[in-house]
Amino acid sequence: MDQGTLPKAYEPAEIEKRWYSFWEEKKLFHADDKKTGKEYSIVIPPPNVTGSLHMGHALNNTMQDILVRYHRMNGYNTLWMPGTDHAGIATQNVVEKQLALEGLKREDLGREKFIERVWTWKAMSGGVIINQLRRLGCSCDWDRERFTMDEGLSRAVREVFVRLYEDGLIYKGDYIVNWCPRCHTALSDLEVEHEEASGNLWLIRYPIEDSDEYVVVATTRPETMLGDTAVAVNPEDDRYRHLIGKNAILPLVGRKLRIIGDPVVSMEFGTGALKVTPSHDMTDFELSIRHNLEHVTIMDYNGRINANGIHFAGMDRYECRKAIVAELQEKGYLESIQPYALGLGRCYRCKDVVEPLISQQWFVKVEPLAQAALKAVQKGHTRIIPENWTKVYYEWMNNIRDWCISRQIWWGHRIPAWTCQGCGEIIVAREDPTECPKCKSSTLVQETDVLDTWFSSALWPFSTMGWPDRTELLHTFYPTSCLVTGFDILFFWVARMMMMGIKFMGDVPFRDVYIHALVRDESGKKMSKSLGNVIDPLQVMDVYGTDAFRFTLSALAAQGRDIRLSESRIEGYRNFMNKVWNAARFALPHLETLSPEDTPADSGSLPLAERWILSRLHRTIQEVRSSIETYCFNDAAQSLYQFTWHEFCDWYIEESKISLSGENQERKQATAATMRYVLDALMMLLHPFIPFITEEIAAKIRPERTSIMRGPFPEFDPSRIDPEAERMMGILMGVVSSVRNIRSEMNIAPSRALPVLVFSFSEQERELLDKNRSMVETLAKVNEFRVIAPTQEMEPLRMAATAVVNEMRILVPLEGIVDPDAEIFRLSKELAKIEKELQSVSRKLSNEEFLAKANAAAVQKQKERHSELTAKLSGLGSGLEKMRSLKSS
RNA sequence: GGGCGGGUAGCUCAGCGGGAGAGCACCGGCCUUACAAGCCGGGGGUCACAGGUUCAAAUCCUGUUCCGCCUACCA
């Protein structure tokens, strides 16, 4: 309670550090393995070990922390499972870059040494992002931290692979895949990023065998013609129908190409004739299966032309393109070149242009898994929030293609499959086999490929809890309560967790999936290093503090809309932290006289301001609770901001100064008790959003309490809702505001006290004003406050400014203070506004249909408005008239 | 090509059937001892455009247009 030492401005750095280590030390993040019946659990979307905290992480984890802290405060046994992802390609790339600095390639080390090197790297740098999450205030159960490559999780991966294989859901074969010539690995469809690029459409003449005719094909990749094995046209196409069944001759190469008819060929595009390159194009590959076409591979894994490429062999793909075009031109095969915007596929890791290539890969047959995952959402076992994403989810699940899970890299879970050198048998096993079960040969060669990183991530909700063992943890916390994630990994990750969870746990992995927005820069662009538009969350936290940052993210996180983050917004919420801090600085010294058990009395026996603030507080409690429970974090943040600043600080604290500095001990006590109660509740309400500052203040409010992390979160108490108090405070605040307005518009110095005269028809109102006169006097700086019934003579007031509140007429005598022109101007402006409003209300009320069809409450409301506006109009109107007549006399 | 989201105050965005809101910026006045990172007051918007439904539309429906994102085998 040493308010003297509280700095004037909130200084987050030391406080954040101190509280975080306190929480960890006291094990306050710990979840109990044992089931209590009231459980809440979230598994973190594991960030890449190579990662550094970016805005996406910050948003994602702030929301999780809000949910987790909220539930923990509400008495739930709450688990937030943390960990990191081994991020195959990304991590391998990082370490390879490091090696490159030493002039080495991974091949120079060999597989084993290289992997050792990656582990060393992980030990040194893998904890960075975890500590950054701590910095953000995340209340994860750190003792349980997992890594997708650790022993337990690797066992889960292996178990899943074997079972899927045994169930016939994993197969190996030669298929066309997306190949990254830079990373030397296959990529799944999802790992290819599509972008538009400017290129050309080359039109090439293919002569028809035994004729003078030729057919013109269109291509964006002329070099692939070396691998053509057919020409396809649409069977409906009158231009080409007669050619189907004939042969074309591949220019430069001389190979005979069958001309086939297939409906995939679009008649509108290009020339309507398609060159078919089964080994280097997805569509063509499928055509080749349908029409039983030969495969000619012309490119190697480095993107260079191989021996099938006649004299182009050895060239790089782009070099070859140039050479081919030149030769086609020279020999008269090139019909024309048209500029064309084409879709380019790039590797999501290294951004190199992906080549479709045929190679031997492992696949998961996903359709049955996807159908189950789809049904689970349809049946409501998992809710997707906001709902519109369910449609996207269905769409994808229905059009899903088999998942290529093998990657030709070294860092990852090695595929548990062996080929017997003796008989060729493929062995897939949980334990490393020593001999072939078929021919007993002991020369077994393990698959060199590793699994797609997302394969292990797909198991995350149960592998982290100890599966395949039936652990108590799984029993207690699976299915998890909620998954919080961005839509960018809906397919990569969420969909696959659904499939695997249902398959291996027999239940969905989470009850809710909350999909939040993306954080973009001010102009709406995705933040990326290459664009140079990233705002670094760590820097933001350094400058403005973690709480301010978290509150900003919460306040901006409206469902279904991306966040454009601007620094001024963060600054605004930093100011809010300061406001909270100073409210506490004000309040704390006044709470010293209270005993620990003092609480506000029942609302019936409290002074008006106390009844009012308690009523407002409980409305806020209700709003915050329901907003968090519906994932409307921005609404919760807004309610809290509004209540704290514009009700508690602007009005209640200001008003409390009167009673706190007064002589009435009982009144003083009531105010202090209420203030402590409200401030304390406010810290609890704010805690999930801004955990540090609230802990610090809460500890000063009640030093006997060690932490508010375990709650209790304030309960809504309907008996505190007091519409009458709200109405009466509304009147008083209206009077104060109108006097302040007159003062400001009339250019009267704030230091100058004013006399005020109020005419009210209502005895109850007069009593209210009379009883609370000190509030008006203090807050509006009034030195003489008279409240009278309108029957009494108003004449003594020769010149006064007029305001109307709730049918009360408020007069501020201005004689000798100010130029009447100013008042005439002010009133005219105000009257114009009211007239316009009154017009629209009158129009409604004179509309028979409105009266007949609108609901009663709406009509009643308009009637009330009408009388209020009429009173205002007449009050201000007569003020204006008087001002005018005084002026002219 | 298909799908989704969005166009509301100078900027960033809430609101999504009955009186146009917030933060920042702007204008005027205040160092009123919790806070100048503050206090008090103020100005500012045919809610993209056009139709329709309704007693009533920023809010619901249809169309147009512009922007963003996702997805796709038109080479």
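Both backbone and side-chain heavy atoms feed into the values below; hydrogens, waters and symmetry mates do not. We name chains A, B, ... by the order of the sequence lines, and we start the count at 1 in each one.
Considering only side-chain atoms of L190(A), the nucleotide from U71(B), G28(B), A34(B) that sits closest is U71(B). Nearest to the side-chain atoms of N388(A) among the listed nucleotides C4(B), A75(B), C35(B) stands C4(B). Picking from G41(B), U71(B), A75(B) the nucleotide with the shortest atom distance to the side chain of F491(A) gives U71(B). Side chain of P750(A), nearest nucleotide from U71(B), C35(B), G29(B): G29(B). Ranking A75(B), C74(B), C73(B) by closeness to the V264(A) side chain, first place goes to C73(B). The side chain of H194(A) has A72(B) as its nearest neighbour among A75(B), G28(B), A72(B).
Scanning for ring-ring contact (aromatic ring centres under 6.0 Å, His included) contacts around W202(A) gives an empty result, with sequence neighbours left out. Applying the side-chain hydrogen bond (donor to acceptor under 3.5 Å, both in side chains) rule to E387(A) yields no partners; only residues at least two apart in sequence or on another chain are considered.
Residue N578(A) is classed as a base contact, given a heavy-atom separation below 4.0 Å to a base. Note on K391(A): only backbone sugar-phosphate atoms sit closer than 4.0 angstrom, heavy atoms only; bases stay farther off. Within the 4.0 angstrom heavy-atom criterion, no nucleotide atom of any strand lies near V217(A). Within 4.0 Å (heavy atoms only), F551(A) reaches no atom of the nucleic acid at all. Heavy atoms of K836(A) sit nowhere under 4.0 angstrom from any nucleic acid atom. R401(A) comes within 4.0 angstrom of sugar-phosphate atoms only, judged by non-hydrogen atoms across all strands, and of no base. Among the atoms of the strands shown, base atoms are found under 4.0 Å from some heavy atom of I653(A).
Exactly one residue among K829(A), R740(A), R826(A) makes a side chain to side chain donor-acceptor pair (under 3.5 Å) with E745(A). That residue is K829(A). Under the side chain to side chain contact (heavy atoms under 4.5 Å, CB included) rule, V231(A) has a single partner from L257(A), L250(A), I260(A), which is L257(A).
F487(A) and W389(A) have parallel rings, their planes meeting at less than 30° on a 0 to 90° scale where 60° marks the start of perpendicular. By the 30° and 60° cut-offs, the orientation of the rings of F492(A) relative to Y348(A) is parallel. The aromatic rings of F586(A) and H590(A) sit tilted, their planes meeting at an angle between 30° and 60°.
Remark: side-chain polar atoms of T778(A) are not paired, donor with acceptor, to backbone N or O of M775(A) under 3.5 angstrom. The backbone N or O of I693(A) sits less than 3.5 Å from a side-chain atom of D547(A), completing a donor-acceptor pair. Distance alone, capped at 3.5 Å, is enough to place a donor-acceptor pair between the S266(A) side chain and the F269(A) backbone. Panel note: side chain N578(A), backbone Y10(A); a donor-acceptor pair is recorded below 3.5 Å.
For residues 845-854 of chain A, every residue pair satisfying the side-chain hydrogen bond (donor to acceptor under 3.5 Å, both in side chains) rule, not counting sequence neighbours, is listed here: E849(A)-K853(A).
Consecutive Watson-Crick or G-U pairs involving RNA chain B, each under 3.5 Å on both distances, make up stems of three or more pairs at B:1-7 with B:65-71, B:10-13 with B:21-24, B:26-30 with B:38-42, B:48-52 with B:60-64.
Straight-line distance between the C1' atoms of A57(B) and U53(B): roughly 10 Å, to the nearest whole Å. A48(B) and U32(B): their C1' atoms are spaced 46 Å apart (whole Å). Distance noted for atom C1' between G15(B) and A58(B): 9 Å (whole Å). Across the P atoms, A20(B) and G45(B) are found 14 Å apart, a figure rounded to whole Å. Separating the P atom of C16(B) from that of C60(B) is a span of 9 Å, rounded to the nearest Å. With both ends at atom P, the span from C47(B) to U59(B) equals 10 Å, rounded to whole Å. For C66(B) and C73(B), the P atoms lie 27 Å apart once the distance is rounded to whole Å. With C1' as the reference atom, C24(B) and A14(B) are 14 Å apart, rounded to whole Å.
Atom pair M397(A):CE and C70(B):C1' shows a separation of 16 Å (rounding to whole Å applied). Atom P of nucleotide G5(B) and atom CD1 of I515(A) are separated by 13 Å, given to the nearest angstrom. Here C40(B) presents its P atom at 12 Å from CE of M733(A), a figure rounded to the nearest Å. Per the geometry, CG belonging to D262(A) stands 14 Å off P belonging to C74(B), to the nearest Å. Taking atom CG of residue N582(A) and atom P of nucleotide C31(B), one finds them 19 Å apart after rounding to whole Å. We find that CG of L344(A) is positioned 11 Å from P of A75(B), with the value rounded to whole Å. Straight-line distance from the CG atom of N847(A) to the C1' atom of U54(B): 12 Å, rounded to whole Å. What separates CZ of F269(A) from C1' of C74(B) is a distance of 5 Å, to the nearest Å.
The base of C35(B) lies close enough to the side chain of K579(A) for a donor and an acceptor atom to sit less than 3.5 Å apart. Interface remark: the E654(A) side chain does form a donor-acceptor pair with the A34(B) base, using a distance-only criterion of under 3.5 Å.
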From CA spacing to verdict: side chain to side chain contact (heavy atoms under 4.5 Å, CB included), R221(A), T277(A): CA-CA 10 Å; R221(A) 292 186 302 156; T277(A) 321; over 6 Å; no
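The 5' end of RNA chain B is approached more closely, in terms of each residue's nearest nucleotide, by D635(A) than by the other of M282(A) and D635(A). Across the interface with RNA chain B, nearest-nucleotide mapping of E745(A) and E286(A) shows E745(A) to be the residue nearer the 5′ end.
Interface residues of residues 849-859 of chain A facing RNA chain B, ordered by number: E849(A), F850(A), K853(A), A854(A), N855(A), A858(A); criterion, heavy-atom separation under 4.0 Å.
For the OP1/OP2 pair of A72(B) and a distance below 4.0 Å, the side-chain nitrogens and oxygens of N399(A) include no atom meeting the criterion. K657(A) has a side-chain polar atom (N or O) that falls below the 4.0 Å cut-off from OP1 or OP2 of A34(B). OP1 and OP2 of A37(B) both lie 4.0 Å or more from every side-chain N or O belonging to Y544(A). K781(A) has no side-chain polar atom (N or O) that falls below the 4.0 Å cut-off from OP1 or OP2 of C40(B).
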Nucleotide-resolved protein contact map, nucleotides 19-25 of chain B, B/S/- at heavy-atom distance under 4.0 Å: B---SS-
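For E864(A), the CD atom sits in a packed shell: over 12 heavy atoms of surrounding residues, nucleotides or ligands are nearer than 6.0 Å.
Ring pair Y573(A)/Y641(A): centre-to-centre distance below 6.0 Å.
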